[in-house]
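Here is the structure we will look at, set down as structure tokens.
In what follows, every heavy atom counts, from backbone to side chain, and hydrogens, waters and symmetry copies are set aside.
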Amino acid sequence: MSDKNNSRDANIAPKSVIPLGVTISLFIASLVLSLAGYGFRLMAGDDVNDVLSHAMKVVPFFLFVMPALIWLGSVALNKMGKATIHPRNAWTLGWLLSTVAMLSIMGVYS
């Protein structure tokens, strides 16, 4: 009986989950990068209402919408049986892509 359990356990690959510290770090990096330019815009003399209205659209997109879309894609792939993606891995990938997207946008406008 123990031979059957050992062979069955050997066929199942262990789930690999990104460490929580990496996930939190990428979330904080996304937050800092999404807010970074607005301080400079305010120091340059842009209108506060314009800066706040732009920030209310851009910051939630990069912090919540983009990672949530990646997570929903992982849920869909898991439901179809094509993958076994852990939710934290999907959220981490979403914040990583969000950070890279913001850095590339900043690079274009610098």
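- Taking the six-membered ring where tryptophan is involved, the planes of Trp91 and Trp71 are essentially parallel, since the angle between them stays under 30° and well short of 60°.
- The backbone N or O of Val17 lies less than 3.5 Å from no partner atom in the side chain of Asn89, so there is not a single donor-acceptor pair.
- Grouping the Ile, Leu, Val, Met, Phe, Trp and Tyr side chains by contacts below 4.5 angstrom, directly or via other members, places Leu26 with Leu69.
- Note: the hydrophobic cluster containing Ile105 also contains Leu103 (ILVMFWY, side chain heavy atoms under 4.5 Å, direct or indirect links).
- Closest of all the heavy-atom pairs between Val59 and Leu35 is CG2-CD2, 3.7 Å.
- Ile85 and Leu93 sit in two unconnected hydrophobic clusters of ILVMFWY residues. Membership requires side-chain heavy atoms under 4.5 Å apart, directly or through other members.
- In the hydrophobic clustering of ILVMFWY residues, with side-chain heavy atoms under 4.5 Å counting as a link, Met56 and Val32 come out apart.
- Distance check, rounded to the nearest 0.5 Å: CH2 of Trp95 to CG of Leu63 gives 8.5 Å.
- Arg88 places no side-chain N or O within donor-acceptor distance of the main-chain N or O of Thr23, the cut-off being under 3.5 Å.
- Distance check: Tyr38 OH to Leu52 CG gives 10.0 Å after rounding to the nearest 0.5 Å.
- The minimum heavy-atom distance linking Ser104 with Ala101 is given by the pair OG-O, 2.8 Å.
- Side-chain contact between Ser25 and Ile28 is absent, with no heavy-atom pair separated by less than 4.5 Å.
- Considering every non-hydrogen atom in both Thr99 and Ser30, the closest pair reads OG1-OG, 3.0 Å.
- The line from CG of Leu96 to CD1 of Ile70 is 10.0 Å long, rounded to the nearest 0.5 Å.
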* To do: Would you please test Leu42 and Asp46 for side-chain contact (heavy atoms from CB on, under 4.5 Å) and show each step?
  => CA-CA 5 Å; Leu42 290 173; Asp46 283 0; 5.6 Å; no

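- The NE2 atom of His54 lies 14.5 Å from the CG atom of Asn49; values are rounded to the nearest 0.5 Å.
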* Where do Phe62 and Ser98 land on the side-chain contact (heavy atoms from CB on, under 4.5 Å) test, with the steps shown first? -> CA-CA 6 Å; Phe62 284 111; Ser98 175; 3.3 Å; yes

